Amino acid sequence: MTEAVLLPGLAPSNHRAVGEFMVTDPYARRRVAQADAVLGRSLVDGFRTAGPAGNADSQLAFMVNCIALADRADQAGMSARLAIGPSFGQFALAAHLGVLPFEIAVELVIAFSDCEREYFRTRHTGLVTRFFYRLDTTGLAVVRRELTVRGAWNELSCDLDAGFAALTLARDAVPALDAAVRAIGGIPLYSLSPPVHSSAFGQLRDRCAEVCHGVDFAAPRMPVVSDHDGTLVTTGPGVRELLLAGIVRPVRWPAAMAALTGAGVRIVWVPGPSNLFDRLARTAFEVRAVNPENAATTCEAIDFR
């Protein structure tokens, strides 16, 4: 059966949940040490003191853990022939597939985070990305039409299947969105601030493109499925564009799922802290999750000393 590897998008992760894994698991210790060498300080210490809203260290810790778990999955017999890294997962994907050296991936996570923080400090301060559930395609169209009639600009940021989606819109339009969602049986969930995945953020994409200038993106060692439209990406510049496009294009998970199933994929490995994407993948695939909770039993530990 054809296998794929899914490097998951960013999910809430704190030191209390994964800190012990980062200092005891041999795969994680190796990657943390490499990240420390780039940072010139302790990633674990920075992650420990990250605020509840997260910062560059929490993002970096998530990526490092995903790559460490992908290392473990390789040793456990993963034989993926396709890869996908929805949203923030593109960073771990690039490092895991050899598109970027691990150290460069670390530097880009920090640089992109810095760009994002500075950009949203003064721009789009009134926008949020609002998630909701139990709304099919027709219902989503109804909600968006009602918002438009009210004069509330909105844009699709995530279509995550099973009625789970997100719109980016003004914070003061959220009550109207929630009311419209509830009126047709949907469930409003939570908001992200700063917002994500919108064509309104073209200048942020341009700033991040400048950060990538001069960075060599090598061809991935296996084809990558775009999380925007399901197309296959086989070149280094193509992966670079995926990384940047995630700033301004929505995640369209049904298109990605269709591409994987169309390629004959039946098993999907998900190395990373348990989150939304391993649950979404279970609707169509046999999922082999490799996470901090089950890492010790996934395969024999290797001493990297």
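It should be emphasised that the depicted structure is a prediction, and the values quoted were computed from it without experimental measurement. All residue numbers refer to positions in the sequence shown, counting from 1.
- Every pair tested for ring-ring contact (aromatic ring centres under 6.0 Å, His included) that includes a residue from residues 66-86 fails, sequence neighbours excluded, so the list is empty.
- Salt-bridge check for Arg249 with Glu155: failed, with every basic side-chain N at 4.0 Å or more from each acidic carboxylate O.
- Note: the hydrophobic cluster containing Leu140 does not contain Val196 (ILVMFWY, side chain heavy atoms under 4.5 Å, direct or indirect links).
- By the rule that hydrophobic residues join a cluster once side-chain heavy atoms approach within less than 4.5 Å of another member, Leu6 and Leu243 end up as members of separate clusters.
- Every residue two or more places apart in sequence or in another chain that forms a salt bridge (Lys or Arg N to Asp or Glu O under 4.0 Å) with Asp178 is listed here: Arg130.
- Using a 4.0 Å cut-off between charged nitrogen and carboxylate oxygen, Arg29 and Asp36 do not count as a salt-bridge pair.
- At distances below 3.5 Å, at least one donor-acceptor pair connects side-chain atoms of Gln90 with backbone N or O atoms of Gly85.
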Atom pairs and distances, donor-acceptor, side-chain atoms in residues 213-224, under 3.5 Å, two or more places apart:
{"from": "Arg221", "atom 1": "NE", "to": "His96", "atom 2": "O", "distance (Å)": "3.3"}
{"from": "Arg221", "atom 1": "NH2", "to": "His96", "atom 2": "O", "distance (Å)": "3.1"}
{"from": "Arg221", "atom 1": "NH2", "to": "His96", "atom 2": "NE2", "distance (Å)": "3.2"}

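- Tracing side-chain contacts under 4.5 Å through hydrophobic residues (I, L, V, M, F, W, Y), one reaches Leu244 starting from Phe88; they form part of the same cluster.
- By the 4.0 Å N-to-carboxylate-O rule, Asp227 lies too far from Arg252 to be salt-bridged with it.
- Annotation: side chain of Leu169 is not in contact with side chain of Thr129 (no heavy-atom distance under 4.5 Å).
- The two residues Val211 and Cys115 have their closest heavy-atom pair at CG2-SG, 3.7 Å.
- When side chains are defined from C-beta on, Leu69 does not count as touching Tyr27, because their heavy atoms never get closer than 4.5 Å.
- At a threshold of 4.5 Å between non-hydrogen side-chain atoms, the residues Arg117 and Asp114 count as touching.
- At distances below 3.5 Å, not a single donor-acceptor pair connects side-chain atoms of Thr125 with backbone N or O atoms of Thr122.
- For the atom pair OG (Ser113) and CD1 (Ile110), the distance works out to 6.5 Å, reported to the nearest 0.5 Å.
- Side chains of Arg31 and Gln34: a donor on one and an acceptor on the other come within 3.5 Å.
- Nearest heavy-atom pair, Trp269 versus Ala73, reported as atom, atom and distance to 0.1 Å: CE3-CB, 3.8 Å.
- At distances below 3.5 Å, at least one donor-acceptor pair connects side-chain atoms of Asn294 with backbone N or O atoms of Asn291.
- Contact annotation: the side chain of Glu286 never approaches that of Arg266 to less than 4.5 Å [non-hydrogen atoms, C-beta and beyond].
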task = Evaluate the criterion side chain to side chain contact (heavy atoms under 4.5 Å, CB included) for residue pair Leu82 and Leu232; output intermediate values, then yes/no.
result = CA-CA 9 Å; Leu82 289 172; Leu232 291 185; 4.0 Å; yes

request  = Check the pair Glu116, Arg121 against side chain to side chain contact (heavy atoms under 4.5 Å, CB included), reporting the backbone distance first and the verdict last.
outcome  = CA-CA 8 Å; Glu116 180 182 272; Arg121 185 177 64 83; over 6 Å; no

request  = Take Leu189 and Arg134 through the test side chain to side chain contact (heavy atoms under 4.5 Å, CB included) and record every step on the way to the result.
outcome  = CA-CA 10 Å; Leu189 295 174; Arg134 291 186 181 172; over 6 Å; no

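- In this structure, Ile187 is not a member of the same hydrophobic cluster as Val128, with clusters built from ILVMFWY side-chain heavy atoms closer than 4.5 Å.
- Side chain of Glu3 to backbone of Val268: no donor-acceptor contact under 3.5 angstrom is found.
- The shortest heavy-atom contact between Thr2 and Gly264 is CB-O, 3.3 Å.
- Taking 4.5 Å as the limit, every side-chain heavy atom of Val265 sits out of range of all side-chain heavy atoms of Arg81.
- Judged by distance alone, the side chain of Asp25 and the main-chain N or O of Phe21 form no donor-acceptor pair under 3.5 Å.
- Here the two rings, on Trp253 and Phe164, have centers that are 6.0 Å apart or farther.
- A continuous path of hydrophobic side-chain contacts links Ile104 to Leu7 [ILVMFWY only; heavy atoms under 4.5 Å].
- Side-chain contact of Thr168 with Ser157: a donor-acceptor pair under 3.5 Å is present, judged by distance alone.
- Partners of Arg282 by salt bridge (Lys or Arg N to Asp or Glu O under 4.0 Å), not counting sequence neighbours: none found.
- Residues meeting the side-chain hydrogen bond (donor to acceptor under 3.5 Å, both in side chains) test with Thr261, sequence neighbours left out: none.
- Within 6.0 Å of atom CD in Glu20, 12 or fewer heavy atoms from other residues, nucleotides or ligands are found, so the atom counts as exposed in its surroundings.
- Of the possible donor and acceptor atoms, none in the side chain of Ser87 sits under 3.5 Å from a partner among the backbone N and O of Gly89.
- Within the 4.5 Å cutoff, no side-chain heavy atoms of Val251 are placed close to those of Asp159.
- Taking CG of Leu276 as the reference point, atom CG of Asp161 lies at 10.5 Å (rounded to 0.5 Å).
- No side-chain heavy atom of Ser198 sits less than 4.5 Å from a side-chain heavy atom of Val248.
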request  = Quick one: do Leu39 and Leu60 satisfy side chain to side chain contact (heavy atoms under 4.5 Å, CB included)? Show the steps, please.
outcome  = CA-CA 11 Å; Leu39 297 172; Leu60 184 56; 3.8 Å; yes

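- How far CG of Asp57 is from CZ of Phe62: 15.5 Å, rounded to the nearest 0.5 Å.
- Under the rule for a ring-ring contact (aromatic ring centres under 6.0 Å, His included), His228 has no partner lying at least two apart in sequence or in another chain.
- Across Phe132 and Pro188, no two heavy atoms sit closer than the pair CB-CA, 4.0 Å.
- Evaluation of the salt bridge (Lys or Arg N to Asp or Glu O under 4.0 Å) rule for Arg48 yields Asp45 as partners, not counting sequence neighbours.
- Considering only heavy atoms from C-beta on, Pro271 stays 4.5 Å or farther from Cys66 through its side chain.
- Contact detail for Ile84 and Ala256: the closest heavy-atom pair is CD1-CB, 3.4 Å.
- Partners of Glu210 according to the side-chain hydrogen bond (donor to acceptor under 3.5 Å, both in side chains) rule, which considers only residues two or more places apart in sequence or in another chain, do not exist here.
- Taking Glu107 as the reference, nothing meets the salt bridge (Lys or Arg N to Asp or Glu O under 4.0 Å) condition, with sequence neighbours excluded.
- Residues satisfying the side-chain hydrogen bond (donor to acceptor under 3.5 Å, both in side chains) criterion with Arg240, sequence neighbours excluded, are absent altogether.
- Counted within 6.0 Å of CZ on Arg150, heavy atoms from surrounding residues, nucleotides or ligands total 12 or fewer; the atom is thus considered open.
- Among all heavy-atom pairs drawn from Pro8 and Gly272, the shortest one is CG-CA, 4.3 Å.
- Under the side-chain hydrogen bond (donor to acceptor under 3.5 Å, both in side chains) criterion, Asn154 pairs with Arg144, sequence neighbours left out.
- Listed by first and then second residue, the ring-ring contact (aromatic ring centres under 6.0 Å, His included) pairs involving residues 167-211 are Phe120-Phe201, His124-Phe201, Phe131-Tyr190 (not counting sequence neighbours).
- Rounding to the nearest 0.5 Å gives a distance of 14.5 Å between CG of Asp278 and CZ of Arg288.
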